[in-house]
Amino acid sequence: MNLPKAYDPGAYEADIYALWERSEAFVAHPDSKKEHFSISMPPPNETGTLSIGHSLFLTLQDIMARHARQRGKDVLWLPGTDHAAMAVNAIIEKKLTDEGTNKHEVGREVFLERTREFVAASRGTMLGQMRAMGASADWSRLRYTLDESLSWAVQEVFIKMYNDGLIYRGNRIVNWDPNLETNVSDEEVEYKEEQATFYTFQYGPFQIGTARPETKFGDKYVVMHPDDERYAQYKHGDTFEAEWLNGKVTATVIKDEAVDPAFGTGVMTITPWHDHTDFEIAERHGLEKQQIIDFHGKLLPIAGDFAGMSIAEARPKIAALLEEKGLLISRDEKYVHSIAVNERGKGVIEPQIRLQWFVDVNKQAVEWKGKTLSFKEVLQSVVREGDIKIIPERFEKIYFSWIDNLRDWCVSRQIWWGHRIPAWYRTDADGQVETFVGAVPPADEAEGWREWEQDPDTLDTWFSSALWTWSTLIDPELARDASLSLAEVLAGSPDYQAYHPTTVLETGWDIIFFWVARMILSTTYATGTVPFKDVYLHGMVRAEDGKKMSKSRPESIIDPLTVIPQYGTDALRMALVMGVSPGNDQNWSTGKIEANRNFCNKLWNVARYIEGIVGDDFSREKSEAVSVADHWVLSKLQQIQQGMVNDLDAYRFGEAYDKLYHFIWDDVADWYIEASKAAPNKPLLAHVLESVLLLAHPFAPFVTETIWQTLKWEGDSLLATKQLTKPLGFDAKQAATFGEIQNIVSESRFVLTALKVSGITLYYTAVPFITENAETIKRMARLQAVTEVEDGTGLFLTSTNARCWLDIDQGTAQAYLKELNAKRERQAAVIAQLEGRLSNDSYVKNAPKDIVAQTRQQLGEAQELLASLEREYDRFNTTA
RNA sequence: GGGCGCUUAGCUCAGUUGGCUAGAGCAUCUCGUUUACACCGAGAGGGUCGGGGGUUCGAAUCCCUCAGCGCCCACCA
């Protein structure tokens with residue numbers, strides 16, 4: 001016997017993974033005639049180590065990839081990592097701060113060098129950990145968002161969009177993070193509640209409220225709703241004098257519907273430079289905008305004595321100044337509002353007007369399916385028309401409502417780590433600026449102009465990850481040939497031709513806007529095809545208490561790298577799949593991981609038992625059903641295999657897992673193996689084991705491959721590259737007969753346990769299948785003997801139509817009477833229900849035929865059962 | 001303010017287009033040292049599927065409504 005008593009995952013996992021990799025089991029073959037199946041792995045940020053969330057997506061995608069291989073497909077699961085501009089940038093800046101320096105002191109080149117060192121180190125760690133999860137990715141095609149060919153694609157798309165008028169540069173209000181000194185997109189901003197002081201000040205004839213007195217230096221407009229009757233006497237454009245922070249100012253009345261008359265006094269002053277709503281009001285009315293706060297979060301000279309102060313320092317002092325001037329009306333210390341912070345680094349956002357690059361989402365200049373549409377329209381079209389299906393469907397609604405509110409996408413970032421914008425500027429002596437967008441600046445040297453300088457900004461990380469499904473499939477050699485267009489490079493790239501559009505995108509619902517929508521936007525535009533056909537969205541893994549795992553509660557974080565050595569990777573994978581449904585969050589559970597560690601051991605011992613019976617060297621060609629148990633297990637196997645295939649095709653991972661679990665544990669281990677012990681059918685046991693290993697393999701690749709490698713039934717073949725077994729034929733009647741045996745065994749067990757008796761004989765009247773399986777029944781029900789009689793006495797079995805009695809004296813069986821009676825009543829109720837259903841004409845007329853036939857059959861069976869219950873009850877009642 | 005989701009056994013959750021007597025894991029109780037497995041086996045208890053109404057032959061499933069919880073988006077002068 002080769003298999004030790006208990007499965008010890010740590011002893012095999014690393015070797016098994018190395019074996020797969022050495023055998024190139026996961027390498028894709030674009031020239032293969034097989035149907036292609038492709039998934040792009042969402043590239044994890046190279047910021048450190050694998051989280052439980054990574055474990056979840058690696059598991060789900062791995063199940064899909066392995067299952068597709070088992071179905072005879074050529075599979076590409078393309079792995080990669082993301083340069084994660086903002087996140088990595090934040091880490092490096094923190095490191096520099098800790099060293100007592102900053103990015104300005106070290107300069108761009110040193111900063112980038114430091115960053116490269118950091119990501120190179122963390123990438124190796126990440127990739128090792130992805131392998132530890134068992135990810136069957138094609139590592140020969142590993143990509144990185146900053147690879148040459150991917151960067152080339154980024155540049156091409158930017159330039160193409162610019163030339164098509166879909167990218168523009170403009171002064172717009174952006175979410176500025178003074179900490180990281182960059183803007184961030186609307187999606188990267190999160191809000192948190194804060195308690196602050198809400199001041200009401202006198203401003204000319206009006207009272208205005210604010211929580212931010214420090215922004216008020218430039219105020220010269222008051223805005224109110226046009227329908228607000230309290231201020232009907234003031235007309236749009238009226239001016240008035242007001243005493244204010246820097247002395248007397250002349251202010252103008254503006255009427256705008258953005259003002260909520262019910263909030264505060266219904267009047268407000270505006271700060272267009274530092275507030276989104278105010279900016280829009282100012283744009284509508286052509287008002288002046290003035291910067292009050294600089295890009296480091298300090299007040300500008302307009303603040304007079306307060307210039308150079310931070311916001312936090314200046315705020316109370318400015319309020320005090322206004323109070324001195326007698327302009328403070330009231331102060332509410334308990335005011336709660338939300339403030340915007342950058343989700344990376346948590347810096348408080350200070351909106352600023354800056355010159356930035358934007359993707360225009362409303363301009364109709366995108367060719368899609370023969371029409372010229374805007375990005376917004378394409379995004380809507382592909383999901384509405386079914387080019388892309390989102391699972392679960394409810395996220396389609398969320399997707400549409402997001403698009404309805406979509407604003408132009410600001411793609412420039414003021415950080416250094418990332419793809420530098422391919423835009424060039426030069427100035428002449430008069431300060432005139434000329435702009436050029438292209439990979440390299442023009443060669444001309446015009447009289448009186450300085451040299452071309454590249455835009456110092458980089459692109460939003462999502463701009464490059466938006467191209468991920470296809471930029472990773474470009475042939476890097478072709479991308480180097482500057483004479484080729486994007487279309488030509490794609491046409492000449494074998495991987496792109498074979499694997500794009502990808503079959504499915506699997507990712508978390510939290511990045512549907514960041515990533516999924518942007519992939520659709522950029523890919524439809526650049527390639528004329530959708531990036532993927534299906535989108536499967538998984539939920540978050542929360543802590544055991546149902547709350548988010550959070551760095552502020554380190555004990556809440558489940559680290560896969562500590563779970564794996566303790567329970568095994570397969571147990572972790574299955575714990576994450578057990579009972580999940582698309583789009584729903586799940587709670588981490590110690591119970592689940594333990595259950596699956598046990599499940600792996602169960603599988604191990606099933607194999608161990610069968611190995612002990614059939615030996616090391618075995619052919620399954622002669623596998624066929626002999627006993628009724630054999631027929632039954634084959635019928636089950638066929639049913640389960642088909643069910644799992646259907647589930648996996650429909651992305652019902654949890655249900656496929658559930659079928660697998662119960663098939664192995666209940667059907668194979670508890671029934672089939674036990675039943676087979678009377679007369680083991682070696683070839684069939686071997687077939688069942690092989691089938692079970694294959695079905696379990698996508699979920700538990702390590703334990704199944706370990707078993708397969710230990711058995712060596714097929715020389716050096718890999719389970720990972722084997723296809724599902726073809727179903728063997730079976731006889732349905734014989735399979736059903738085993739069901740009868742199960743009934744007899746179950747009821748005997750029940751009675752024996754309930755009455756606390758043992759050493760009992762089962763009598764039966766001439767029933768061939770019992771005669772043939774007497775040994776099995778005796779063994780499984782732990783009976784003394786199974787004996788044929790003319791007419792039996794004792795306790796009559798009621799869950800089978802065969803006539804069987806347990807040899808139990810009537811005194812002992814008195815206790816059983818009660819149970820019998822309850823059973824009788826239950827059965828009568830069932831019959832009443834079924835009869836009611838069948839006596840209803842509209843049911844018989846409307847319900848599907850097979851359902852009605854089924855009901856009739858059930859009724860027949862139930863009546864028969866009740867009849868024998870009645871007989872038995874009467875007999876006991878009179879004789880006992 | 002707009003939208004989405006959840007509420008099913010003590011706990012955590014499945015339940016595909018409405019159709020077997022509503023399931024699982026964990027927990028609980030009883031029994032068991034049968035040579036694959038105590039990371040085990042056998043058996044049991046436990047739910048009027050959040051409340052109310054409706055559609056239907058039939059509702060955990062569809063519709064309306066109420067309640068509680070969670071999330072997303074917008075706004076927050």
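When reading the values below, keep in mind they use all heavy atoms of this one structure, side chains included, and skip hydrogens, waters and symmetry mates.
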- Query: What one-letter contact string describes nucleotides 12-17 of chain B from 5' to 3', where B marks a base within less than 4.0 Å of any protein heavy atom, S marks contact via sugar-phosphate atoms alone, and - marks no contact?
  - Reply: SSSSB-
- If you check the A/His337 side chain, which of B/rG43, B/rC71, B/rC76 turns out closest? B/rC76
- Task: Take the protein atom CZ of A/Phe263 and the nucleotide atom C1' of B/rG1, then report the distance between them rounded to whole Å.
- Result: 14 Å
- Message: Rounded to whole Å, how long is the line connecting atom CG of A/Leu572 with atom C1' of B/rC39?
- Response: 17 Å
- Task: Test for a donor-acceptor pair under 3.5 Å between the base of B/rA38 and the side chain of A/Lys5, counting only N and O atoms.
- Result: no
- Task: Give the rounded distance in Å between these two atoms: CG of A/Asn596 and C1' of B/rC26.
- Result: 12 Å
- Query: Picking from B/rC39, B/rG5, B/rG41, which would you name as closest to the side chain of A/Arg782?
  - Reply: B/rG41
- Quick one: A/Asn601 CG to B/rG41 P, roughly how many Å, whole number? 10 Å
- Please name the pair of heavy atoms, one in A/Phe514 and one in A/Glu187, separated by the smallest distance, quoted to 0.1 Å. CZ-O, 3.0 Å
- For B/rC71, does OP1 or OP2 lie under 4.0 Å from any side-chain N or O of A/Lys548? no
- From the candidates B/rG25, B/rC4, B/rC73, the one with an atom nearest any side-chain atom of A/Asn405 is B/rC73
- Item | Runs of at least three consecutive pairs that involve RNA chain B, where pairs are Watson-Crick or G-U with distances under 3.5 Å | B:1-7 with B:67-73, B:10-13 with B:23-26, B:28-32 with B:40-44, B:50-54 with B:62-66
- Query: Taking the six-membered ring of A/Trp671, is the NZ or CZ of A/Arg749 close enough (under 6.0 Å from the centre) and on axis enough (within 45°)?
  - Reply: yes
- Message: Please report the distance, rounded to the nearest Å, between CD in A/Glu674 and C1' in B/rC40.
- Response: 11 Å
- Task: Return the nearest nucleotide to the side chain of A/Tyr191; candidates are B/rC39, B/rG43, B/rC76.
- Result: B/rC76
- Query: So is A/Lys677 actually on top of A/Tyr609's ring, under 6.0 Å and inside 45° of the axis?
  - Reply: yes
- Would you say A/Asn598 reaches B/rC40's phosphate, i.e. side-chain N/O to OP1/OP2 under 4.0 Å? yes
- Message: Quick check on the 6.0 Å ring-centre criterion: do A/Phe201 and A/Tyr203 meet it?
- Response: no
- Do A/Phe279 and A/Trp273 make the cut of ring centroids closer than 6.0 angstrom? no
- Give a yes or no on whether a salt bridge exists between A/Glu396 and A/Lys389, defined as a side-chain N under 4.0 angstrom from a carboxylate O. no
- Query: What's the CE-P distance between A/Met540 and B/rC4, to the nearest Å?
  - Reply: 20 Å
- Message: Can you measure A/Asp275 atom CG to B/rC75 atom P for me and round it to whole angstrom units?
- Response: 9 Å
- Note on the structure: Out of B/rA42, B/rA44, B/rA36, minimum distance to the side chain of A/Phe750 belongs to B/rA44
- Message: Aromatic contact between A/Tyr672 and A/Phe663, with the criterion being ring centroids under 6.0 Å apart: yes or no?
- Response: no
- Identify which nucleotide among B/rC37, B/rC26, B/rA24 has an atom closest to any side-chain atom of A/Arg608, counting heavy atoms from C-beta outward. B/rC37
- Candidates B/rA36, B/rG43, B/rC39 - which lies nearest the side chain of A/Thr753: B/rG43
- Message: If you compare every side-chain N and O of A/Thr277 against the phosphate oxygens of B/rC76 (OP1, OP2), does one of them come in below 4.0 Å?
- Response: yes
- Message: Counting only side-chain heavy atoms from C-beta out, which of B/rC4, B/rC76, B/rC37 sits nearest to A/Ser338?
- Response: B/rC76
- Report yes if a donor N or O on one partner sits less than 3.5 Å from an acceptor N or O on the other, where the partners are the side chain of A/Lys602 and the base of B/rC37; otherwise report no. yes
- Message: Starting the side chain at C-beta, find the nucleotide from B/rC4, B/rA36, B/rG25 nearest to A/Asn605.
- Response: B/rA36
- Query: Side-chain N or O of A/Trp665 less than 4.0 angstrom from OP1 or OP2 on B/rG41?
  - Reply: yes
- Query: Can you list the steps and then say if A/Glu194 with A/Ser338 is a side-chain hydrogen bond (donor to acceptor under 3.5 Å, both in side chains)?
  - Reply: CA-CA 6 Å; A/Glu194 188 195 61; A/Ser338 21; over 6 Å; no
